[in-house]
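This report concerns only the one structure given below.
Both counts, for ligands and for their atoms, begin at 1 and track the order of listing.
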Amino acid sequence: MFTKVKTRFAPSPTGLLHIGSVRTALYNYLFASKKDGEFILRIEDTDVKRSKKEYTQVIIEGLKWLGLNWHQGPFMQSERLDLYKEMCRKLEKNGKIYKCYCSREELADMREKSQKEEGFTGYDGRCRSISKRKAEDLEKEGRDFVWRLKTPSKENLVFEDMIKGKVEVNTDQIQDFVIVKSDGMPTYNFACVVDDAEMEISHIIRGDDHLSNTPKQILLYRALGKNTPSFAHLPQVHGTDGKRLSKRTGSVALNEYRKGGYLPEALRNYLALLGGSTSDSQQLFEWEELKQKFDISRVGKSAGVFDIEKLNWINGKYIRNMPAAELARRASFFLKKEKIIDDESNIPDKVVEAIELEREKIEKLTDIPRRIDFLLMDNITYNPKAVKKRLEKEGVEVILKDIKGVLEENQDFSKKGLEDSFRKYVKDKKIGAGKVFHPVRVAVSGRMKGPGVFDLLEFIGKKKCIERIEYALKEFVQ
Ligand code: GLU
Ligand code: ZN
């Protein structure tokens, strides 16, 4: 039926890109990649009031950031209105649709009835058989009309969903639905099917909130005389509280993740796992490998639970596997924001070395500035708690003065050289190593945590270490 696998992502630009939609985009991309097919981007912007150009931009940037490159598009539905008109005329010519002149009140009555009467779908088809005369009169009166599809009665419509399995609907449950609104704009179902048919989309992968649209869409394919694609309806993404994903259990919009210091490859990896679309035990996938191992039929029937802890873990893994220079490049936006660098395109070696020292502890790109700032800045601030705990203590004065002497005399300011002279000092004085390392660390870094103390001293350098110890002696040590 279809000569090539083609999928599409068809967001409406009415808000930021929701993480559930991102997963939908990813699965469409992976599905097409695995089958050497094509992935198409289509912006469904026929809702003129709610669609915004800024959102289209956000969608495009988000997909690019994630590396979900499309083969064709972005197609804008608002630029394809002629096509929908043409298809509407075709359906009219073939007697598949009819004009409905019902007033707001009539429709409201029918809707009310449908709530009370079981089996009544909301529209009774009364305009199907309107006489030509009557229609002309109504049009002369200036009555608005919509176009409705003639849906078959009492037919069992069956399709095989790649995730949900067999889905059956009786067409009696489908009213003659609107395909073109009174302002001439196509409805979602109509524009979507016209485009999917024209673009020869072979597999429709989307959220299961659209499952109830699918029978209607199948009827539209038929009416248009087009091949019906295969469908896969993805379960929703829920938070760890089992409810629809909300701000409380994890950010909802993709750009929050970008701003929050996540790597696109980690997010992709996580979203692929989220649906259970890969083999059970493997957690981390190279991009190419993911394309090969992705299997839509493995996606579970129940909602995927978005677990931010797991995403953090995966992100940390990717970060730890990345060369420090690359990490610095990825973090350049955040480094600049925190004034650690001035120019995003020019990252000093010192910054890369500092990242290297702290890499094991980094989980998100946003962690980087505060982990390395004290290693790079001329003036550090001293954490009051650290000062109180480690410097404002008896005996510290002597130790810091001694260590200052040790550092001044030290010829080899390498990690190894420093360690040797410290060990010797501790041994000579017969004091515990911690008693020396802790105050020295705080004196030279202003904080309790950081890289190993010798890494720290080596990195900061002889001159600065001595200056800082002098400063600490003067300011904090009685
Ligand atoms: N514009 C629709 C949405 O964003 C597309 C649904 C579909 O993939 O058919 O929900
Ligand atoms: Zn009507």
| query | Does K34 make a cation-pi contact with F294 (under 6.0 Å, within 45 degrees of the axis)? | reply | no
| request: Evaluate the criterion side chain to side chain contact (heavy atoms under 4.5 Å, CB included) for residue pair K291 and W287; output intermediate values, then yes/no. | output: CA-CA 6 Å; K291 291 180 195 172; W287 194 209; 3.9 Å; yes
| Which ligand 1 atoms are under 4.0 Å away from a heavy-atom of R206? | 7 (C), 8 (O), 9 (O)
| Does a donor on one side chain sit under 3.5 Å from an acceptor on the other, for D45 and Y55? | no
| request: Please collect all ring-ring contact (aromatic ring centres under 6.0 Å, His included) contacts where either partner lies in residues 334-366, sequence neighbours excluded, each pair once. | output: none
| task | Report yes or no: is the cationic atom of K99 (NZ for Lys, CZ for Arg) closer than 6.0 Å to the six-membered ring centre of F145, at no more than 45° off its axis? | result | yes
| query | How does S12 reach ligand 1, if at all, at less than 4.0 Å between non-hydrogen atoms: by side chain, backbone, both, or neither? | reply | both
| request: Verify the neighbour count for atom CD of E92: are there more than 12 heavy atoms of other residues, nucleotides or ligands below 6.0 Å? | output: yes
| message | Students should be able to answer this: which protein heavy-atom is nearest to atom 10 (O) of ligand 1, and at what distance? | response | H210 NE2, 2.7 Å
| said: Under the side chain to side chain donor-acceptor pair (under 3.5 Å) definition, can you give me all pairs with a residue in residues 178-207, not counting sequence neighbours? | reply: R8-D196, R42-D196, Q77-D195, R80-D195, R80-E198, Y84-D195, Y188-R206, Y188-H210, Y188-Q217, N189-N213, N189-Q217, R206-T214, R206-Q217, R206-H233
| field | Shortest protein contact, atom 1 (N) of ligand 1 (heavy atom only) | value | E44 OE1, 2.6 Å
| field | Nearest-contact summary for atom 5 (C) of ligand 1 - protein heavy atom, Å | value | A10 O, 3.1 Å
| request: Output the list of atoms in ligand 1 that are nearer than 4.0 Å to some heavy atom of R8, sorted by atom number. | output: 7 (C), 8 (O), 9 (O)
| Which part of F9 is near ligand 1, with near meaning a heavy atom under 4.0 Å away: side chain, backbone, both or neither? | neither
| Has Y101 got an N, O or S atom lying less than 2.8 Å from the Zn ion (ligand 2)? | no
| Angular separation of SG (C100) and SG (C102) seen from the Zn ion (ligand 2), to 10° | 110°
| About how large, to 10 degrees, is the angle SG of C127, then the Zn ion (ligand 2), then OH of Y123? | 100°
| field | Nitrogen or oxygen atoms of C192 and ligand 1 under 3.5 Å apart | value | no
| said: With a 6.0 Å cut-off (strictly less than), is the heavy-atom count around NZ of K350, excluding the residue itself, greater than 12? | reply: yes
| query | Among protein heavy atoms, which lies nearest atom 9 (O) of ligand 1, and at what distance? | reply | Y188 OH, 2.6 Å
